[in-house]
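Accompanying notes for the structure given below.
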Amino acid sequence: RSIFAKNFAGVSFYIAISLSLILTPLILILKSDFYSNKNIINFGNLIFSITGILILIELLIWTFKGKKDAAIVFYPLTFAIMSLFYEFFAIKNGFSFRHTTSFGMSVFLFSQSYILARKFNEAYSTAERLTEHLQEEVDIQTKEAKDQSERAQKSEKDVKRLLNNMKQAVFALGEGGKIVPPVSDFAKSIFGKEIEGHNIFDVLFEELDDKSEIYHKIKFLIDICIDEDSLQYETLNDYLPREVLKKEGRSEEQVLKVNYSPIEDENYICRKILLVVEDITEVLKLEKEVELEKEKASIKAVRLQEIVSNSKKEIKVFFREALLQMKQAKNAANKGDINAFFR
């Protein structure tokens, strides 16, 4: 199994291990009458023979399949077994030439030694080759590492350049709500200070009352979602406010729009929470102005519609009455009758 692979002679191996685990404690504890019992010895011989035959059959199959070292093990092992059987036969029949088992086993052990020596030789050759080309390998690996480092640095610069050209504050939250890099440059314009390394409750949620429900909901979500299955975030992310109002230290109220998304690894574990913060104060102002203009335009349209909807007769009456009132006002002015004029 150590020469070929762990899947070789699996059945034989587990039979031998199982019997060893069962019989060894019995042999250690019980008297010699147990393990010298003829039936026990015959049982042991039977198991030994079965496992030996199974190993030989598998070796034969591997030999015909051309597996490496299979033939080098199979033929010497077959020779050793044949020498064993010959010795049994020679003893039974009283032959003078009988001690062949040791020779057969020597041949088998020689085959093992040959395999071991060849593997040592391969290891030595590999070591020599690596030694000769070590500097070359080191140079190649160093160049590859340098190229990878340069690619990583370029990629990081590209990402940072992209972030810094966005008119939004982009940053991530780590464990405990700490702001971790990368942080876009625009974050300083929104918050008026460098925010990397600060806690999110000292930057974005600084005006939240630490005894309020929303404060504790946000804190609970951050504590329970970082370094946990992303399902936690998907379940709880509705707790996070999408708009934040900031007044402290400002001449007018600032409105921030916040988008959140989890940063997951390949195992769907939420490692960080990405925040994209946008100042929409001016946008909301413009929207209000547009709404007012729409209302004014609507009033004008209604008035024009009312005028257009009048009949010609009503317009004639209006003009006649208006001219009459103007004539009376002119007469009152000429007479110096101020009361009549204003009436």
Side-chain angles (χ1 to χ4, degrees), residues 152-291:
Q153 288 176 1
K154 184 178 182 299
S155 176
E156 185 179 352
K157 286 178 181 177
D158 290 342
V159 171
K160 201 160 186 179
R161 193 179 298 114
L162 178 65
L163 289 177
N164 292 337
N165 283 317
M166 295 172 65
K167 297 301 180 182
Q168 296 165 322
V170 182
F171 56 91
L173 296 185
E175 191 175 352
K178 186 178 180 181
I179 297 172
V180 295
V183 178
S184 65
D185 287 348
F186 198 72
K188 189 175 180 181
S189 300
I190 291 181
F191 298 107
K193 61 180 179 180
E194 295 288 347
I195 64 171
E196 186 177 326
H198 290 268
N199 193 286
I200 192 66
F201 291 102
D202 299 329
V203 177
L204 182 62
F205 304 126
E206 60 183 339
E207 295 181 34
L208 285 180
D209 184 0
D210 59 4
K211 295 180 182 178
S212 64
E213 183 181 359
I214 184 64
Y215 179 93
H216 286 285
K217 279 184 176 181
I218 297 168
K219 192 173 188 308
F220 173 73
L221 182 142
I222 293 170
D223 291 341
I224 205 171
C225 291
I226 302 295
D227 294 332
E228 295 294 338
D229 193 290
S230 59
L231 181 62
Q232 300 271 39
Y233 175 84
E234 297 298 332
T235 306
L236 301 171
N237 78 90
D238 288 337
Y239 288 170
L240 295 168
R242 265 53 187 181
E243 280 192 8
V244 178
L245 302 179
K246 298 178 75 66
K247 300 177 183 177
E248 191 176 325
R250 293 169 176 81
S251 57
E252 59 180 353
E253 186 178 71
Q254 183 184 31
V255 185
L256 301 179
K257 180 183 177 183
V258 190
N259 288 314
Y260 309 86
S261 60
I263 299 175
E264 303 171 354
D265 63 12
E266 63 277 4
N267 298 315
Y268 301 103
I269 302 298
C270 178
R271 297 301 180 188
K272 299 174 186 176
I273 299 175
L274 181 70
L275 278 75
V276 180
V277 182
E278 185 178 359
D279 189 345
I280 59 170
T281 308
E282 294 300 324
V283 174
L284 292 178
K285 277 184 183 178
L286 290 173
E287 286 180 354
K288 286 181 181 178
E289 289 177 5
V290 169
E291 288 296 324

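All residue numbers in this chain count up from 1 along the given sequence.
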More than 12 heavy atoms of other residues, nucleotides or ligands under 6.0 Å from CD of Glu264: yes or no?
yes
Flag the pair Ile190 / Gln254 as yes when at least one side-chain heavy-atom distance between them is below 4.5 Å, and no otherwise.
yes
So, the side chain of Ser230 versus the backbone of Cys270: is there a donor-acceptor pair under 3.5 Å, distance only?
no
Are Asp227 and Arg271 close enough that some pair of their side-chain heavy atoms sits under 4.5 Å apart?
yes
Heavy-atom closest contact (Ser184 atom, Gln168 atom, distance)
OG-O, 3.1 Å
Salt bridge flag under 4.0 Å for residues Glu282 and Lys285:
yes
Tell me the closest heavy-atom pair linking Phe171 and Ile195, and the distance in Å.
CD2-CD1, 3.7 Å
Flag side-chain contact, heavy atom, 4.5 Å: Ile280 against Glu243:
yes
Could you measure the distance from the OH atom of Tyr239 to the CD atom of Glu213? Nearest 0.5 Å is fine.
8.5 Å
Separation between NZ (Lys272) and CG (Asp265), nearest 0.5 Å, reads 11.5 Å
What distance do Phe201 atom CZ and Asp210 atom CG have between them, rounded to the nearest 0.5 Å?
10.0 Å
Quick one: does Val258's side chain get under 4.5 Å of Leu240's, heavy atoms only?
no
Might you work through the ring-ring contact (aromatic ring centres under 6.0 Å, His included) test for Tyr233 and Tyr260, ending with a clear yes or no?
CA-CA 10 Å; Tyr233 175 84; Tyr260 309 86; 7.8 Å; no
Quick check against the 3.5 Å criterion: does Asn267 have a side-chain atom that pairs as donor or acceptor with the backbone of Ile269?
no
Say you draw a straight line from CD of Glu253 to NZ of Lys246; how long is it, rounded to the nearest 0.5 Å?
11.5 Å
Run through Leu256, Val170, Val244 and flag the one making a side chain to side chain contact (heavy atoms under 4.5 Å, CB included) with Val277.
Leu256
Contact between Leu275 and Ile200 at the side-chain level, heavy atoms closer than 4.5 Å - yes or no?
yes
Asn237 side chain near Cys225 side chain, heavy-atom distance below 4.5 Å
no
Heavy-atom pair with the smallest gap, counting every atom of Leu245 and Val255
CD2-CG2, 3.6 Å
Is a side-chain donor or acceptor of Asp223 paired with a backbone partner of Phe220 at a separation under 3.5 angstrom?
no
Least distance between heavy atoms, Gly174 atom then Ile226 atom
O-CG1, 3.9 Å
Could you tell me which non-hydrogen atom of Leu231 sits nearest to which non-hydrogen atom of Asp229, and how far apart they are?
N-OD1, 2.8 Å
Minimum heavy-atom separation for Phe205 and Pro241, please, with both atom names.
CE2-CG, 3.6 Å
Side-chain heavy-atom pair Phe191, Leu204 within 4.5 angstrom cut-off:
yes
Validation row: Leu284, Glu287 side chains within 4.5 angstrom (heavy atoms):
yes
Rounded at 0.5 Å granularity, tell me how far CD1 in Ile222 sits from CG in Leu236.
11.5 Å
Can you name the one residue among Asp202, Asn199, Val203 that meets side chain to side chain contact (heavy atoms under 4.5 Å, CB included) with Ile179?
Val203
Does NZ belonging to Lys211 count more than 12 external heavy atoms closer than 6.0 Å?
no
